[in-house]
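Single-structure report; data block below.
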2 protein chains.
Amino acid sequence: MNILERTHLEIIRAVDQCGSLTAAAEKLHVTQSALSHAMRKLEDQFGTAVWHREGRVLRPTQAGGYLLELANRLLPQFARAEEQVGQFARGERGSLRIGMECHPCHQWLLKIVSPYLAAWPDVDVDVKQEFQLGGIGALFGHEIDLLVTPDPLHKPGLVFEPVFDYEQVLVVGHQHPLSKLRHVQPAQLTDETLITYPVSLDRLDVFTRFLTPAGIAPKRHKRIEATDIVLQMVASGRGVAALPRWLVEENAERFGVVPLRLGPRGVRKQIFLGYRERSYGTDYLRAFLELARDYQVAHPQ
Amino acid sequence: MNILERTHLEIIRAVDQCGSLTAAAEKLHVTQSALSHAMRKLEDQFGTAVWHREGRVLRPTQAGGYLLELANRLLPQFARAEEQVGQFARGERGSLRIGMECHPCHQWLLKIVSPYLAAWPDVDVDVKQEFQLGGIGALFGHEIDLLVTPDPLHKPGLVFEPVFDYEQVLVVGHQHPLSKLRHVQPAQLTDETLITYPVSLDRLDVFTRFLTPAGIAPKRHKRIEATDIVLQMVASGRGVAALPRWLVEENAERFGVVPLRLGPRGVRKQIFLGYRERSYGTDYLRAFLELARDYQVAHPQ
DNA sequence: TCATTCCATGAATGGTATTCATGAATAAAT
DNA sequence: ATTTATTCATGAATACCATTCATGGAATGA
């Protein structure tokens with residue numbers, strides 16, 4: 001079926017470069033005879049010569065010239081492909097698709113990703129936020145390779161590792177009446193506007209671990225996507241929000257907001273990094289996990 | 001040395017298209033086992049899998065995805081190459097490089113070339129006018145494939161065929177004193193300005209076959225490249241020129257010029273088409289010669 | 001649970017690419 | 001003109017490797 005092979009192009013190019021079959025044969029580490037036979041067969045199959053044999057010099061025919069051009073175009077691509085697949089094999093190259101199920105974690109993620117990109121220049125990092133089947137499904141379906149989530153779900157084949165823990169706090173404006181308290185009680189939010197990320201209630205710890213157990217609901221509930229808009233709203237007294245303490249503290253000065261403990265003991269949270277057990281063999285994925293662990297050690301809460 | 005072969009790309013693409021090794025094997029007319037072995041070997045050499053084997057479904061790995069892209073890019077080029085070389089082999093495709101050693105023949109050439117181009121859409125026609133080693137040398141050195149010349153030079157390996165004969169005439173303006181004569185004598189040009197193409201004198205028949213034998217020279221000699229400029233100059237009485245009769249007659253009305261026989265018997269010329277004997281096997285070259293012959297039969301002088 | 005479909009594997013084989021040995025043709029050197 | 005050194009082509013022998021055959025295990029779907 002196929003007559004033209006990579007080898008033929010390799011020969012044609014070598015002959016062009018070396019000027020003779022014999023020299024080309026040496027370059028390709030085979031006998032001159034091998035090349036002669038190979039090209040003879042090709043020419044027979046094509047029904048046309050690749051070279052004019054004039055004395056002992058080979059001059060490309062029109063077909064030969066065409067094939068030479070082809071060779072110069074295709075062979076580098078073969079070479080590059082082998083090199084790149086080699087990089088895939090050694091785990092030096094790939095793409096790391098990270099799924100996020102945790103809004104405020106974006107900030108944390110950036111702190112891991114930037115040194116990671118520097119260390120693994122051949123790995124593309126891709127962050128996704130929306131999944132049809134949920135984060136776990138996306139992980140299983142190979143839609144993503146890593147999942148950043150506060151809700152580890154133990155399934156065979158998946159591993160979840162805590163990489164970050166922090167306290168979830170209420171954030172209020174500087175002049176807010178609650179701002180002087182050491183901690184806040186659920187009932188104190190009855191007349192407040194609560195601002196959250198636009199996700200379902202059961203994924204909001206303010207509700208699941210603070211308000212709902214006490215049977216309390218805030219006066220209003222607003223959903224806003226962007227974290228700094230949330231902070232601005234809070235700063236201007238338009239509402240209160242629940243955010244990680246570190247995030248609030250980082251922005252306290254700039255926005256004029258204050259963190260308050262949720263209940264006397266606070267609400268502690270953990271962020272997990274989930275991955276498929278089998279993908280742990282991939283160097284660049286493991287490297288990411290290690291970077292995340294290192295970060296946790298260097299920045300304990 | 002080389003691990004990745006066209007075959008592998010062929011397999012990878014077929015598996016992608018057919019969805020399974022078995023189906024791909026059928027498409028490629030080999031056993032499923034053959035493909036399995038082939039890809040196994042490739043994977044061993046690369047050190048990485050091309051597909052994730054999940055149950056009985058094959059999902060491309062990152063390396064596999066990369067190779068699939070490569071396959072979709074390169075395989076069509078292989079296919080196209082085989083097709084084109086096939087055309088070369090059947091003489092349907094090529095490039096015909098025509099050398100011109102005869103200025104006024106350009107008009108004639110166009111009449112052959114335009115139907116030729118229509119009949120042989122895959123043949124590129126290239127017309128060259130300048131050669132370092134002369135037309136014959138260019139023909140020998142494969143710089144051109146056909147030579148249009150008035151001077152056939154018989155050499156072994158070369159063939160010259162007369163394809164066109166015509167009378168070379170003197171052309172003068174409508175009101176020129178000579179314009180009423182039936183023919184002109186060399187001596188009558190003593191006071192004229194003679195316009196010729198800018199080539200050496202020994203290639204100008206007005207000199208070699210008319211003036212020089214009579215020991216006559218014109219008052220002035222002007223060299224002009226473009227034929228219609230020559231005609232305009234002649235029409236405005238600025239000089240006389242020697243051109244093929246058919247060319248003059250074609251333009252007699254438009255420019256207001258008159259053809260005059262050179263001497264009582266006229267100067268008859270022949271144009272030859274030269275080619276390398278061995279290239280006569282090439283279909284599209286032979287076709288050109290046949291077209292030229294047909295034209296001669298259809299337009300006898 | 002059974003039948004079916006798919007891929008992997010080891011051994012056997014058949015084909016083919018490569019080598020070896022040699023000849024013919026050309027170009028360079030004497 | 002001879003000689004010498006290259007170069008490519010060719011046929012036969014060989015060694016290698018791709019393919020097949022036969023089979024088993026694993027997953028899917030009825």
Side-chain angles (χ1 to χ4, degrees), chain A residues 1-61 63-64 67-68 140-142 156-157 278, chain B residues 1-61 64 68 140-142 156-157 278:
Chain A
M1 189 94 272
N2 296 327
I3 45 193
L4 188 61
E5 289 294 333
R6 178 183 183 180
T7 315
H8 297 124
L9 298 181
E10 213 83 54
I11 297 174
I12 289 169
R13 182 176 63 172
V15 167
D16 178 62
Q17 287 171 351
C18 305
S20 80
L21 257 196
T22 317
E26 189 161 0
K27 178 182 173 132
L28 301 176
H29 309 294
V30 286
T31 18
Q32 168 268 127
S33 177
L35 301 196
S36 183
H37 280 297
M39 294 307 292
R40 182 84 165 62
K41 184 177 174 189
L42 184 73
E43 292 179 327
D44 283 350
Q45 295 191 101
F46 271 150
T48 184
V50 171
W51 296 294
H52 293 291
R53 274 76 167 176
E54 293 168 349
R56 60 194 199 191
V57 66
L58 302 180
R59 212 171 36 74
T61 59
L67 290 174
L68 178 59
F140 244 114
H142 284 84
R278 300 185 54 179
Chain B
M1 189 94 271
N2 296 327
I3 42 194
L4 188 61
E5 289 294 333
R6 177 183 182 181
T7 315
H8 298 124
L9 298 181
E10 213 83 54
I11 297 173
I12 289 169
R13 182 176 64 171
V15 167
D16 178 62
Q17 288 172 350
C18 305
S20 80
L21 256 196
T22 316
E26 190 161 359
K27 178 181 174 131
L28 301 176
H29 309 294
V30 286
T31 4
Q32 167 269 128
S33 178
L35 300 195
S36 183
H37 280 298
M39 294 308 292
R40 183 84 166 61
K41 185 177 173 190
L42 183 73
E43 291 179 328
D44 284 350
Q45 294 191 101
F46 271 149
T48 183
V50 171
W51 296 294
H52 294 292
R53 274 77 167 174
E54 292 168 349
R56 62 193 196 190
V57 67
L58 303 180
R59 213 171 35 73
T61 60
L68 178 58
F140 245 115
H142 285 83
R278 300 185 54 180

Short side-chain to backbone donor-acceptor contact, A:His37 and A:Ala34, under 3.5 Å
no

Distance in angstrom units between B:Glu26 CD and D:dT19 C1', rounded
17 Å

Between CD of A:Glu54 and C1' of D:dT7 the distance, given in whole Å, is 14 Å

Rounded to whole Å, please give me the gap between CG in B:Asp44 and P in C:dG10.
11 Å

Check the distance between D:dC17's C1' and B:Ile3's CD1 and give it to me in whole angstrom.
17 Å

Could you walk me through whether B:Asn2 and A:Thr7 pass side chain to side chain contact (heavy atoms under 4.5 Å, CB included), step by step?
CA-CA 9 Å; B:Asn2 296 327; A:Thr7 315; 5.9 Å; no

Please give, in whole Å, the distance from D:dA18 P to B:Arg6 CZ?
17 Å

Which one, C:dA21, D:dC8, C:dC7, comes nearest to the side chain of B:Leu58?
C:dC7

Could you state the atom-to-atom distance from CG of B:Leu35 to P of D:dC21 in whole Å?
14 Å

Check whether any side-chain heavy atom of B:Arg53 sits under 4.5 Å from a side-chain heavy atom of B:Leu58, and report yes or no.
yes

On the side chain of A:Arg56, is there an atom forming a donor-acceptor pair with the base of C:dT26 - under 3.5 Å, no angle test?
yes

Whole-Å gap separating P (C:dC7) and CD (B:Glu43)
13 Å

For a 4.5 angstrom cut-off between non-hydrogen side-chain atoms, does A:Leu67 reach A:Leu4?
yes

D:dT19 base stacked by B:His37? Criteria: ring centres under 5.5 Å, plane angle under 30°.
no

Can you tell me if B:Gln32 uses its side chain to pair, donor with acceptor, with the backbone of B:Ala25 under 3.5 Å?
no

Ignoring backbone atoms, establish whether A:Lys41 has a side-chain N or O less than 4.0 Å from OP1 or OP2 of C:dA17.
yes

Please state whether the base of D:dC8 and the side chain of A:Ser20 form at least one donor-acceptor pair under 3.5 Å?
no

Nucleotide nearest A:Leu21 when distance is taken to its side chain, options D:dC8, D:dT20, C:dT19:
D:dC8

According to a strict under-4.0 Å criterion, is A:Arg40 in side-chain N/O contact with OP1 or OP2 of D:dT10?
yes

Which nucleotide in D:dG11, D:dC8, C:dA8 has an atom nearest any side-chain atom of B:Gln32:
C:dA8

Below 4.0 angstrom from OP1 or OP2 of D:dC8, is there any side-chain N or O of A:Thr22?
yes

Polar side-chain contact B:Ser36-C:dT9 base: donor and acceptor under 3.5 Å
no

Grab the NE2-P distance between A:His29 and C:dT19 for me, whole Å please.
12 Å

